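Reading through the C-alpha cells given below for one structure.
We use all heavy atoms of the structure for the numbers below, so side chains are in, but hydrogens, waters and symmetry mates are not. Order of the sequence lines fixes the chain letters, A, B, ..., with proteins taken first and strands second; residue numbering starts at 1 for each chain. Everything numeric in this text was worked out from a predicted model, so none of it was measured.
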Number of protein chains: 2
Amino acid sequence: MQKKEEMCCEALEIHEELLKIVDDTMPEETELYDLAELFKVFGDSTRIRILFVLFEAEVCVCDLAQVLNMTQSAISHQLKILRQNRLVKSRREGKSIFYSLADDHVRTIIAQGREHIRED
Amino acid sequence: MQKKEEMCCEALEIHEELLKIVDDTMPEETELYDLAELFKVFGDSTRIRILFVLFEAEVCVCDLAQVLNMTQSAISHQLKILRQNRLVKSRREGKSIFYSLADDHVRTIIAQGREHIRED
DNA sequence: TAAATATATGAATAAATGTTCATATATAAG
DNA sequence: CTTATATATGAACATTTATTCATATATTTA
C-alpha cells in the first residue's frame, strides 16, 4: 500500500495507468531538450524577422542589417544561432556571406504558428 | 544620390528591390511579437513535457506534477502560460482542475519540430 | 604589402524567465 | 463552520539571453 503523500486526487488507478502511458510515449530527455532548444530559436522577434526576409530571398548580412534596421553585430549574433540550429545556411561570395533557409520545416512551423494566433 | 554610409555591399539596386519585397511581405510588428511569444511557450522543456502528457490524456494538475516529478507550484505556473497562449484549456471537476489540449496546432508544431531535429 | 570592406565573436550589461517558498482561493468533507 | 485538499499566484532569487562595444578574421583592391 502506498503512503498518503504519494497519492494524489484520490485516483490511484488512473494515476498508475497514466504513468505507464507517459513512460511509453514521452521522448528521451535529450530529445525534449533539443525540441525546447529549437523552439527557443523561434521565440525571438529579431530571428523571426530574419526568417521572414529569407523567405523571400537569399540575402547577405549587411543587407539584413539594413533592411531590419539593426547593427551588423546584432544580426551576426542571431545568424549564428539560426545556423547552429540548422534553420539557415550560408555561402560566401567575395567579401559577403549570403544566407538562405536550410529547409522547409521553417516555413511549416511558422505557418502553423501564424494560424494558431489568428484563430484567437 | 544616397550617402555612402547608407549603402551596403555595393549592390544598390538589389537592396532597393529587397526593401520593397520585405515591406510587402513582412507581417505587422504586433504579429511578429505574438509569433515570437507563442514560440517562446514551446521553448521550455517543462512545458513541452506537459504537452506530451496532454497528448495522451486529460490530466489534473496534481497528476501532472507527480508524473513529471515537479512541484505543484511549478506546474501551475507553467500551465498558466500555456493557458494564456491558448495551447491548453481547463475544466473543473470538484476540487481538481483537468487540463487538455486546446487545439491541434500544438501537435503539428511539435511534430514539425521533431522532424527537423531528427534530420540532423 | 597596406588599406578598405564584410562578417564574426568575446565580454559586459540589461532584461526576461523558471523555480521555490509562502500564502491565497475554492471546493468538499466532517 | 471548521478542516482538509487541489490549485493559483505574488515575491525573490538564480539563470538565461539579446544587444552593444571593441576587436578579430577574411577577402578584395590599390
Side-chain angles (χ1 to χ4, degrees), chain A residues 3-12 14-15 32-33 36-50 58-85 88-100, chain B residues 3-12 14-15 32-33 36-50 58-85 88-100:
Chain A
K3 279 185 287 185
K4 202 181 180 192
E5 305 92 88
E6 290 178 2
M7 286 200 281
C8 169
C9 305
E10 295 156 1
L12 193 53
I14 290 173
H15 179 69
L32 292 171
Y33 182 82
E37 206 60 22
L38 174 65
F39 287 120
K40 262 181 212 162
V41 179
F42 290 95
D44 174 79
S45 60
T46 294
R47 289 190 291 265
I48 296 255
R49 275 199 294 269
I50 291 175
E58 187 190 44
V59 181
C60 69
V61 179
C62 135
D63 273 352
L64 273 171
Q66 243 183 290
V67 166
L68 300 179
N69 196 31
M70 294 187 65
T71 67
Q72 173 267 318
S73 178
I75 295 294
S76 268
H77 277 295
Q78 298 308 331
L79 283 171
K80 183 180 190 177
I81 293 173
L82 290 167
R83 231 187 314 121
Q84 284 172 332
N85 286 273
V88 305
K89 59 190 175 193
S90 63
R91 169 181 75 80
R92 176 178 284 278
E93 188 177 310
K95 280 175 291 186
S96 299
I97 296 191
F98 284 82
Y99 280 83
S100 56
Chain B
K3 279 186 288 183
K4 200 181 179 190
E5 305 91 85
E6 291 177 359
M7 288 199 281
C8 167
C9 306
E10 295 155 3
L12 193 54
I14 290 172
H15 178 70
L32 291 171
Y33 182 82
E37 206 59 24
L38 173 66
F39 286 120
K40 262 182 213 161
V41 179
F42 290 95
D44 175 79
S45 62
T46 295
R47 289 190 291 265
I48 296 256
R49 275 200 294 268
I50 291 175
E58 186 189 45
V59 181
C60 68
V61 179
C62 134
D63 273 352
L64 273 171
Q66 241 183 290
V67 166
L68 300 180
N69 195 32
M70 294 187 65
T71 66
Q72 173 267 318
S73 178
I75 295 293
S76 268
H77 277 296
Q78 299 308 334
L79 283 171
K80 182 180 192 179
I81 294 173
L82 290 166
R83 230 186 313 120
Q84 284 173 332
N85 286 273
V88 306
K89 59 190 177 194
S90 63
R91 169 180 75 80
R92 178 177 282 277
E93 188 177 312
K95 279 176 291 187
S96 299
I97 297 192
F98 285 83
Y99 281 83
S100 57

Study note, to complete from the structure: A/I75 atom CD1 is separated from C/dT7 atom C1', nearest whole Å, by 12 Å
Exercise for review: Find the distance A/L32:CG to C/dG18:P and express it as a whole number of Å.
Suggested key: 16 Å
Review point. In whole angstrom, what separates B/N69's CG from C/dT20's P?
Key: 10 Å
Practice item. With B/Y99 as reference, evaluate B/R83, B/R91, B/E58 under the side chain to side chain contact (heavy atoms under 4.5 Å, CB included) test and give the passing residue. Key: B/R83
**Study point:** Presence of A/T71 side-chain N/O under 4.0 Å of D/dT20 phosphate oxygens OP1/OP2
**Key:** yes
Check your understanding: What integer distance in Å separates B/F39:CZ from D/dA18:P?
Key -> 15 Å
Exercise for review: Could you tell me which non-hydrogen atom of A/S90 sits nearest to which non-hydrogen atom of A/I97, and how far apart they are?
Suggested key: CB-CG2, 3.7 Å
Revision key, fill the gap. Picking from C/dG18, D/dT7, C/dT7, the nucleotide nearest the side-chain atoms of B/D44 would be C/dG18
Review point. Is a side-chain N or O of B/R47 found less than 3.5 angstrom from the main chain of B/K40, in a donor-acceptor match?
Key: yes
Review point. When you check the phosphate oxygens OP1 and OP2 of C/dT19, does a side-chain N or O of B/S73 lie under 4.0 Å from one of them?
Key: no
Revision key, fill the gap. Sorted by position of nearest nucleotide on DNA chain D, 5' first, the leading residue of A/I81 and B/C60 is B/C60
Check your understanding: Is a donor-acceptor contact shorter than 3.5 angstrom present between the side chain of B/Q72 and the base of D/dA6?
Key -> no
**Study point:** B/Y99 vs D/dA6: side-chain N/O to OP1/OP2 distance below 4.0 Å
**Key:** no
Review point. Would a distance-only check, ignoring hydrogens and angles, find a side-chain to backbone donor-acceptor pair under 3.5 Å from A/R92 to A/G94?
Key: yes
**Study point:** Rounded interatomic separation in angstrom, taking CZ from B/F42 and P from C/dT17
**Key:** 16 Å
Check your understanding: Taking CG from B/L64 and P from D/dT7, how many angstroms apart are they, rounded to a whole number?
Key -> 9 Å
Practice item. Could you pick out which residue, A/R92 or A/A74, lies toward the 5' side of DNA chain D when each is mapped onto its nearest nucleotide? Key: A/A74
Point to revise | B/Q84 CD to C/dT17 P, straight-line distance once rounded to whole Å | key: 12 Å
Check your understanding: CE of A/M70 versus C1' of C/dT7: gap in Å, rounded?
Key -> 16 Å
**Study point:** Residue-phosphate contact under 4.0 Å: B/R47 side-chain N/O, C/dG18 OP1/OP2
**Key:** yes
Check your understanding: Just to confirm, is there a sub-4.0 Å distance from OP1 or OP2 of D/dA26 to any side-chain nitrogen or oxygen of A/K95?
Key -> no
Review point. So A/F42 and B/F39, would you call those rings parallel, tilted or perpendicular, with 30° and 60° as cut-offs?
Key: tilted
Study note, to complete from the structure: Picking from C/dA8, D/dG10, C/dG10, the nucleotide nearest the side-chain atoms of B/H77 would be D/dG10
Check your understanding: Can you find a side chain N or O atom of B/K40 that sits less than 4.0 Å from OP1 or OP2 on C/dA16?
Key -> no
